[in-house]
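Chain naming here is simple, since letters A, B, ... match the order of the sequence lines and numbering starts at 1 in each.
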2 protein chains.
Amino acid sequence: MTAAAHRPATLDDVARAAGVSRSTASRVIAGTGFASPDARERVVTAADQLGYVPNPAARALVRGGGVRLVVAAAATSAAVLDDPYVHRVVGSAARVCAPAGVGVALHWLPLGDPRGLDQLAADRSVCGVVLVNTTEALLDAVPRSLHGRVASIGIGSAEVPSFDVDNTAGAGAVLRHLYATGRRRIAMVTGPAWLPCSQRPVQAYRHLMRQAGLPERVVDGDFTAARGRAAAEEALRRWPDVDAIFAISDETAFGVIAGLRDGGVRVPGDVAVAGFDDIPLAGMTAPALTTASHPVGRIATAAATAVLAGRPAAPVTLFPSALVTRDSA
Amino acid sequence: MTAAAHRPATLDDVARAAGVSRSTASRVIAGTGFASPDARERVVTAADQLGYVPNPAARALVRGGGVRLVVAAAATSAAVLDDPYVHRVVGSAARVCAPAGVGVALHWLPLGDPRGLDQLAADRSVCGVVLVNTTEALLDAVPRSLHGRVASIGIGSAEVPSFDVDNTAGAGAVLRHLYATGRRRIAMVTGPAWLPCSQRPVQAYRHLMRQAGLPERVVDGDFTAARGRAAAEEALRRWPDVDAIFAISDETAFGVIAGLRDGGVRVPGDVAVAGFDDIPLAGMTAPALTTASHPVGRIATAAATAVLAGRPAAPVTLFPSALVTRDSA
DNA sequence: ATGAAAGCGCTAACAT
DNA sequence: ATGTTAGCGCTTTCAT
């Protein structure tokens, strides 16, 4: 139960203390194979008396299992390593992996050069990979040897299961809400053009606008608040009659609101603004932000769990996006 | 350079391909010991021809190094495992550890029961521990065997080096700013009472107020925006003449602003509000939040680096807190 | 049901 | 300078 031995106990210590062979001790500790009730009892007792904790590294070595799950984030720059969203994925993964004795590592995959994946595949200490900001090129670059132990938060492929929020439906709900509340000249601030999963809402937007006979007004964004601010100015300049702006991230939406304010435009009086994600602060600002909530933690957890399990997951797992109507739209 | 072998190459493969012994190959790969220029050349060539990547788990096993750095967060509930701040620490740590082949794990240490630390100490796959939300009790519970490979983000002890922002100076700067801009009835919303590092700003507050002959007005907080909102109402009720509120986290500050707004109080006209942390959104809201910026990423990076290095670090490393004056105060 | 023995991939004395 | 040898802590046939 206790015993903070200076030198951590090994399985050998346990076996010796229990008066059995290492093999027997291993069987009962790992819960595999047979052992007499008597032996089992003695091993368990010895183990927690010595404060024994199995060494996952040694275990992984012999089983060929690996001790690290790596979160590989594609991006144009290494700044992605400081991204809050990525950190949230890493945190969730770390939480899921800890009980299994698996640690999480964070790698940057330069956009044009997905060779980093080969390294990861060749590293026997890597038990699996969770892709973030996945692109088609990245998917194509996934080595065969990673099949079955890789997952994508974002788009997927035949070999790489996808875990993602239902962006299309989510964007649709936001847009429909804007329409239902009387907005007819709706602009959209997008995510980075190279990021497929951020294009989906754009497609939904274009589709819906066309269908409703409304003008399509898209300005490029990059998820940041600063860009949102600039995007608002641009929107105001190009389309003075704009009455709603849908930003593809809450950060951007807050930037848009700031930009609108700079331009003397009232929100939601003159222009409604909606975000996407529902970050914790979304409900605290003035005006409180209308947005769609996304279970990022659950998505990351599911992806990491699937990779950890090592068996092929469903090709696509979609998580619901839920409209949250507050004051800004 | 390439070669996505189906079975990842081992050191043996490299040695064989290079026509040398495993030891020689090991020496040149690990960069330790001697090797003739010729041998070195051949090993290097063979290695990258085979796409060889060393197995950190095997390496750790023989060197007794460990393959996981664990971030251990003390808290009253497991909810801490989802905390954005903790995730930020984990993310930063993961980034630092990745090149060393070390993964990061996230553990919750229940407040009253720090025995989890013994487990971590007994786990030979754990190369070190970074404590978050450190308390005195936690510090006392750090097993001797962890000494030299543990660090705290927060308070430290003789055995556990501390990496923290200079809370006292930071709070002082904020408070002085409030005073300099004419505020005289300043209230403070604290962090959780059990968290030592959140008490430091409170002490600074009390000290400064006393020194200036100003009343001390403290209301308990817990870092959340919801609590900030309630705290604002409470402050308004207890001290109708309050003219400034200093919240110990930006989230809380936004809650305070919301609460003030609920009460029909203008910010900063009637009451100035200052936060603490400078989260990304702090500059985007209306009013933009006056706060103090804290290099959380750098702190986490320093702590993880120290643990990874394994040699005793300076007892206390203080990071500067920088006042950021915006609109709210 | 249990033990003996081999080996996962690597490093580090110790020889040579 | 290089190879030989012995493990690191564990699981897993294979005998018994």
Which one, C:dC8, D:dG3, C:dT2, comes nearest to the side chain of A:V62?
-> C:dC8
Between D:dG9 (P) and A:L11 (CG): distance, integer Å | 11 Å
Spacing of B:R27 atom CZ and B:R22 atom CZ [to the nearest 0.5 Å] = 11.5 Å
Mapping B:A35 and B:L61 to their closest nucleotides on DNA chain D, which lands nearer the 5' end?
-> B:A35
Length of the line joining A:L50:CG and D:dG9:C1', which is rounded to integer Å = 15 Å
Would you indicate, yes or no, if D:dG3 has its OP1 or OP2 atom less than 4.0 angstrom from a side-chain nitrogen or oxygen of B:T24?
-> yes
In whole angstrom, what separates B:R22's CZ from D:dT5's C1'?
-> 9 Å
Could you tell me whether A:D83 and A:R88 make a salt bridge, using a distance below 4.0 angstrom between a side-chain N and a carboxylate O?
-> no
Hey, what do you get for OG (A:S92) to CG (B:L81), rounding to the nearest 0.5 Å?
-> 9.5 Å
Which residue lies more 5' along DNA chain C, comparing B:T32 with B:A58 via nearest heavy atoms | B:A58
Give the rounded distance in Å between these two atoms: CG of B:N55 and C1' of C:dG9.
-> 6 Å
For C:dT2, does either OP1 or OP2 sit under 4.0 Å from a side-chain N or O belonging to A:S36?
-> yes
Inter-axis angle, terminal five-pair segments of the helix from C:dA1-D:dT16 to C:dT16-D:dA1 [nearest 10°] = 40°
Round to the nearest Å and state the distance from A:R16 atom CZ to C:dG3 atom C1'.
-> 15 Å
Report the distance from atom OG1 of A:T317 to atom CD1 of A:I299, rounding to the nearest 0.5 Å.
-> 10.0 Å
Calculate, to the nearest 0.5 Å, the distance between atoms CD1 and OG1 belonging to B:I155 and B:T135 respectively.
-> 6.5 Å
Whole angstrom is fine here: how far is it from CZ in B:R42 over to C1' in D:dA1?
-> 13 Å
For B:S21 and B:T24, does a side-chain donor sit closer than 3.5 Å to a side-chain acceptor?
-> yes
Whole Å only: how far is the CD1 atom of A:I29 from the C1' atom of D:dT12?
-> 16 Å
Rounded to the nearest 0.5 angstrom, the CD1-CZ distance for A:I29 and A:R40 is 10.5 Å
Taking OP1 and OP2 of C:dG3, is either one under 4.0 Å from a side-chain nitrogen or oxygen of A:S21?
-> yes
Between B:R59 (CZ) and D:dG9 (P), how many Å, whole number?
-> 18 Å
Any A:R27 side-chain N or O less than 4.0 Å from OP1/OP2 of D:dT12 | no
Sugar-phosphate only, base, or nothing, as touched by B:A39 at under 4.0 Å among non-hydrogen atoms | sugar-phosphate
So what does A:S23 hit on the nucleic acid, given a heavy-atom distance under 4.0 Å: a base, only sugar-phosphate, or nothing?
-> base
Checking all strands, does A:S26 fall into the base, sugar-phosphate, or nothing category for heavy-atom contacts under 4.0 angstrom?
-> base
Under a 4.0 Å N-O cut-off, is there an ion pair linking A:R68 with A:D123?
-> yes
Using only side-chain N and O atoms of B:R63, determine if any of them is under 4.0 Å from OP1 or OP2 of D:dC8.
-> no
